[in-house]
Amino acid sequence: MFAMVWHVATPAHALSDQEKLQRAEANRLDNHRQAQELIDSIDISNLSRKEKELYWYLKNWLRTFDGNDLLGIYERYGELVHTVESAEVKIRVLTSQLSLASYLGKWAEGFTMANKVQTLLSDSLSEAVQASTINGMITFYIKAEQPQIAKNLIQRFEPIAENVPGAKCLLGVQKIDLLLEQDLKQLSLNDILNTKLECERANNSYHALYSEMNLFYYLVETGNLQQAKVIMGPLEKKVETLDFVFMKTGFLAYVSELYKQQGQLVQAYETAQDVLSMDVEGQYLPTKIQALEILIDIAKQQANFEQAVAYMETLESLRAEFRELSVVKQAAFQQANFELALKQSQIDLLDKRNKLLETRSALSKARVQTTLIALCFVGVVMLGLLAWIWRSRKLQKKLSEMARIDSLTGIFNRGYFLQSVKQRLVKAQNKDLTCCLLLLDLDHFKRVNDSYGHQAGDWVLTEVVRTLKVVCDEQCTLGRMGGEEFAIFVYDTDLRSGLALAEQCRSAIEGIDTAHSGYRFPLTASFGVSDTTQVGYRFENLSSASDLALYQSKQYGRNRVYEYDINIEGQGATP
Ligand SMILES: Nc1nc2c(ncn2[C@@H]2O[C@H](COP(=O)(O)OP(=O)(O)OP(=O)(O)O)[C@@H](O)[C@H]2O)c(=O)[nH]1
């Protein structure tokens, strides 16, 4: 049963490190010594990260067989579970640690661990890993005296066991274990035989032997002593080859029971003593209790009451220990459940907080959106306002321009001309500069209007201004004083220069070709000139003086330039 076919065919040294790992994994239950040798011969530098994780798991797992350093392995599993990345190896490490927790009586940690395994157990794991995990959990809960949870897990195991090779064997073993513990009447011989068959089919020699032992227990418990005796001999040999103390002691306790029931008291006594001596650390209390009960029976039957009482005292203390352990288990279970509920309520609380935060963030998002919309709205309003301000400015500019400029000719109107000239006069006075004012009036302009129409009159006005602009330089300020009367203020210019300029203007107007208006007619203007040396810097005085001179121009024949003369009224000048 333990022969390794592959091992015979392929020597270990011919295998790659990956193959060694796979073989060790496949045969770890059937031949843990060979699996151990394979693991020890692996050069881990050839392994990938995931393979290394499996390697470390198996290395620790195989060390549990000698049973020497269970606590050390338990702790190493604890470290490993934090460093492992592979979800499958992680849950296997945790499940094995869970199994050790039950051996070491670490019930509180065990229940917490079992809850963690439960949360890690997901459909994303392979069904094989799911099967071995559930199997490990069932073992734990049976030992932890939580049969209901074990039953539920068995139900969960059933559909998976259909698909995973070898899993039916494990499922069968668990069902039988549970019934052996809980309700022997529900168990049938066929259940055990079928399970044994399943395990043999799956080449799971360990569980096939385990089932055979269960068969033996069942036969002894149900009083089928003859049948039990038949299988006892070969079974004893097989059990001998195993290193598991608990398997040996468990088996021997029933062997002792069989001997006792068959009246072979000496053999029964010796075998029961073997059980007690093998389990020095007293790890397997139920077996020890079973052995002591046999010893008490035998002592009573042999009327060795003193011995019986001594055994009974030991038995009582073991039972007390057992009960205490049971209480410890229940308490640990309650505590783990309480912690789980606490954790769940904390998670619920966090969930609620998160939801609250989410709502708050949604609210603030909505607020931000509203603010943005409001800002956009304000932006649009601001833009509208700016556009409106811009338009108003433009309008204002146009209005103020209209207030300053004569719309027909484009030069200053009377009002603004006055304002502007007055400022310049102040400036000139401060600098003691002489300025001139020329007034000109078109001659017989009414005739143009009357003869050729208002449009021709407008043309004349525009053309005259254009001509004046050509003649005048930047020192001149032009203004339309009314109808066909214009003024030219010349800054920093004396009367002589002013008269010369007036003459230039007169001549230029006279030279305008009126044919461009569509009509041919004479076009002339009369001029009156004065300066500040004559009348001072008051505009009104200057204007009156030039006006008087203009009047003289008109009086003395038009198309002339007259300067203001304070003494003589009606003095002539050019031409
Ligand atoms: N076409 C046109 N005519 C204007 C404008 N403003 C005033 N007038 C005309 O100018 C004429 C001025 O006539 P008057 O004051 O009698 O002077 P005048 O005909 O030039 O005669 P003298 O000044 O004596 O040479 C009037 O017929 C006004 O209607 C204008 O903006 N366009």
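Computation of the quantities below employed the complete heavy-atom set of this structure, encompassing side-chain atoms and omitting hydrogens, waters and symmetry-equivalent molecules. Counting starts at 1 for both ligands and their atoms, in listed order. Residues: numbered from 1 along the sequence shown.
For ligand 1, the 4.0 Å heavy-atom shell takes in Asp441, Leu442, Asp443, His444, Phe445, Lys446, Asn449, His454, Gly457, Asp458, Leu461, Arg480, Gly483, Glu484, Lys554, Arg558, ordered by chain and residue number.
Here Asp531 does not pair with Arg496 in a salt bridge; the nearest charged N to carboxylate O distance is not below 4.0 Å.
Both cation-pi conditions hold for Lys143 and Tyr103: the charged atom is under 6.0 angstrom from the six-membered ring centre and inside a 45 degree cone around its axis.
Not counting sequence neighbours, the partners of Lys554 by the side chain to side chain donor-acceptor pair (under 3.5 Å) test are Asp441, Asp443. Taking the disulfide (SG to SG under 2.5 Å) definition, one finds that Cys169 meets it with Cys199, sequence neighbours left out.
Within the structure, every pair that satisfies the salt bridge (charged side-chain N to carboxylate O under 4.0 Å, His left out) test and touches residues 73-100, not counting sequence neighbours, is listed here: Glu25-Arg92, Arg49-Glu85, Asp69-Arg76.
The two atoms that bring Ile134 and Leu153 nearest to each other are CG2-O, 3.6 Å, heavy atoms only.
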